[in-house]
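To find a chain, count down the sequence lines: A is the first, B the second, and so on, and within it residues start at 1.
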There are 2 protein chains.
Amino acid sequence: MKENYTIKDIAELAGVSKGTVDRVIHKRGKVSPKALEQVNKVLDKIEYKPNPIAKSLKNNKIYNIAILLPDADADPYWLPCYEAIKQIEQEFSHFGIKINKGVFKPKSTKSFTKAADLVIAEKPDAVLMVPLFYKEAEHVAKMCVAAGIKIATFNNYIKEPQINLEIGQDLFQSGRVAAKLFNMLLGNKATLAVLHIDEAFQNASHMQEKERGFKDYFAQKELAYTINVHNIKKESKIPFDQTIENFLKSLDAVDGLFVTTSKAYLLANHIAAYLPKSFIIGYDLVAENIKYLEEDKIAFLIHQDPKKQVYLSLTNLIEFFLFDKPLQESLTLPIDIINTENYPQYLN
Amino acid sequence: MKENYTIKDIAELAGVSKGTVDRVIHKRGKVSPKALEQVNKVLDKIEYKPNPIAKSLKNNKIYNIAILLPDADADPYWLPCYEAIKQIEQEFSHFGIKINKGVFKPKSTKSFTKAADLVIAEKPDAVLMVPLFYKEAEHVAKMCVAAGIKIATFNNYIKEPQINLEIGQDLFQSGRVAAKLFNMLLGNKATLAVLHIDEAFQNASHMQEKERGFKDYFAQKELAYTINVHNIKKESKIPFDQTIENFLKSLDAVDGLFVTTSKAYLLANHIAAYLPKSFIIGYDLVAENIKYLEEDKIAFLIHQDPKKQVYLSLTNLIEFFLFDKPLQESLTLPIDIINTENYPQYLN
DNA sequence: GACAAAAATGTGCTCGAACACATTAAAAAA
DNA sequence: TTTTTTAATGTGTTCGAGCACATTTTTGTC
């Protein structure tokens, strides 16, 4: 009653051969109504689930998983993803898992499309991607669906109902988390600035979701907060750092600065000179952010855990391929609040 | 060169039979020096790792894992652990994993020892336990080692070098995390109270580690903080809630209260009446704490994620048994900072 | 009833590791 | 050299699922 039954067990219980049981289970026909009933009767009683290990051994297939992700040289935010991939390769290479990286420039749609084409040409079993570019990513997703390739995304979202696995953070809610932190630090009245700092604005929806959540918090609580939004973009011939400094010079006094990207460090660099009493809340545990966090120039960081996102995406896909574990369609990861004292544990 | 080699492949390459290769790999002797050299030559070149799936199938053993953990009726802190167990049972029952719960009363060493004896009598392959009672847990660990049973702990620590897997949080550091939060909220000068609230003091080392870390932060930063420590214990005939209220009545004004146990809600219940301007930081996402967090009577909670602790412990043990993945000897989990906006994602 | 065609059922092999057992080769004793 | 003993090597089976193929049973037709 509690055993793990095998096909052979079922065959004996039903008084038929394992071939017949197999045909019933896989609905391959060529079974008499009488035998069908006998087998189904047993099947109803015992709730059979095939031994996933035996199944996997019989299958004995090499699974190719392709990952489309941005170059970490262009943005260190992506560095932990590469560590996750390395770790997965070590853990699962002997399970017949092959991983193929398709690296693209985070500012170039052309680079993304090229990497995608290259990777899909090799007919992988699954494609995991960062859908930075909405239209192009949608196209990749559709191509995968058409080719019967499992498609998964992480870090960003696109509205494509046929995606098999989506892992990311609730960006709206993470804006609210930042808002609440400011609320705790500053009380019921303050002036805040939301800063969208990025070298390119490919990622605009990302930032705007955070902004929406941020504003939503104060609106809902009916607090006397003044919130100004600023877009800061790298200008062609001026160093980015200089652009930031110029911006800070022109900025009126504020109590807090919410940076929606991982570029809070650019701000923190000058905060002491221009706004010594302001709090900064930013995103992501990149090395430079941690440096300023330690110097107390950044109050809090919100961790999006790209490493965990990749790790979970890949293990989910692998366990699906190897052991038929169902794919989690959508997985929203916790929004980690980071200060000087708890960041090391999040770096693994 | 990149293939996954099988024993058969190696046998062919070395010009011997798979039996001989097998004997070399497992060092079972009965191999001539000549054959040994031939096989080792191949082995050196290709870095062979046996197919873990085939190995597992051949093994085809049912593994019994026993878990010693406190009754969730006595303390809801443990409730998530039971969810994790349920989840693991569903995921892994068809991999031949059986889990046997040994539930004990969190205030009774006798109950712990009894549950341990019962569970060990069934000769499990591993015992995972919450070592609430130092001496008794140490004894259990030694018994397991003697019986060749793998032994793992979570949530608490005991100093037993032969433990195979330890999962928990850095409690000293979590005290520092709380201290830093108060520092951000209150600036460079304040008066704080550390409260050890528990119905019994079995868990004293737990609380004291947190207190040590808490004090250490302010000492290291040389901040003008006054910190008073209070032990609050349930008195036999008075309701616990009444004891707390009496304590608050007698307490001088403080700016913040650090509760080292999951009992912050007992305090929060009366905070508005006695200390309306004080911040409370406590531990654990139990239902009542979340209620007061939402009402802004608790400022922050620190999440020890008992569910994740159990889940990770069990998957680690299972993958060790099934696929020879090495056991992580010691795993320190992140110290999650929780506010009103990010708690839902941590509840799974 | 005889025989062909079709349907149903059973058998046997594979995946890779692991080990029992059978077989062969080499060394020791006669 | 022959026999006995020991060492070395190879063969075959198992684990459970899954599928190809062989065999048996049933149905249809003259």
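Listed by chain and residue number, A/Asp284 satisfy the side-chain hydrogen bond (donor to acceptor under 3.5 Å, both in side chains) test with A/Gln304 (two or more places apart in sequence, or in another chain). Annotation: salt bridge (Lys or Arg N to Asp or Glu O under 4.0 Å) contacts of B/Asp125 (sequence neighbours excluded): B/Lys61. Residues passing the salt bridge (Lys or Arg N to Asp or Glu O under 4.0 Å) test with B/Asp324 are B/Lys55, sequence neighbours excluded. Residues meeting the side-chain contact (heavy atoms from CB on, under 4.5 Å) test with B/Asn60, sequence neighbours left out: A/Asn51. With sequence neighbours excluded, no residue forms a salt bridge (Lys or Arg N to Asp or Glu O under 4.0 Å) with B/Lys308. B/Glu166 meets the salt bridge (Lys or Arg N to Asp or Glu O under 4.0 Å) test with no other residue; sequence neighbours excluded.
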Taking only nitrogen or oxygen atoms into account, show me every contact under 3.5 Å that the protein makes with nucleotides 4-6 of chain C, one pair per line with its distance.
none

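The distance between the ring centers of A/Phe323 and B/Phe323 falls below 6.0 angstrom.
Applying the ring-ring contact (aromatic ring centres under 6.0 Å, His included) test to pairs two or more places apart or on separate chains, those with a residue in residues 28-63 of chain B are B/Tyr63-B/Phe321.
Here the shortest heavy-atom pairing between A/Lys98 and A/Asn64 reads CB-OD1, 3.2 Å. A pairwise comparison of heavy atoms in A/Ile53 and B/Leu57 identifies CG2-N, 3.7 Å as the closest pair. The two atoms that bring A/Gln345 and B/Leu333 nearest to each other are CG-O, 3.9 Å, heavy atoms only.
Each end of the helix from C/dG1-D/dC30 to C/dA27-D/dT4 gets its own axis, taken as the rotation carrying the C1' atoms of four end pairs onto the next four within a five-pair window, and the two axes meet at 70° to the nearest 10 degrees.
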message: How would you summarise protein contacts on nucleotides 7-18 of chain C per nucleotide, using B for base, S for sugar-phosphate only and - for none, with heavy-atom distances below 4.0 Å?
response: -SBBBBBBBBBB
Identify all side-chain donor-acceptor contacts of residues 11-25 of chain B below 3.5 Å with residues at least two apart in sequence or on another chain.
| residue | atom | partner | partner atom | Å |
| --- | --- | --- | --- | --- |
| B/Ser17 | OG | B/Gly19 | N | 3.4 |
| B/Asp22 | OD1 | B/His26 | ND1 | 3.2 |
| B/Asp22 | OD2 | B/Arg28 | NH2 | 2.5 |

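Chain B approaches DNA chain D within less than 4.0 angstrom (heavy atoms of the protein), and the contacting nucleotides run 5' to 3' from D/dA8 to D/dG16.
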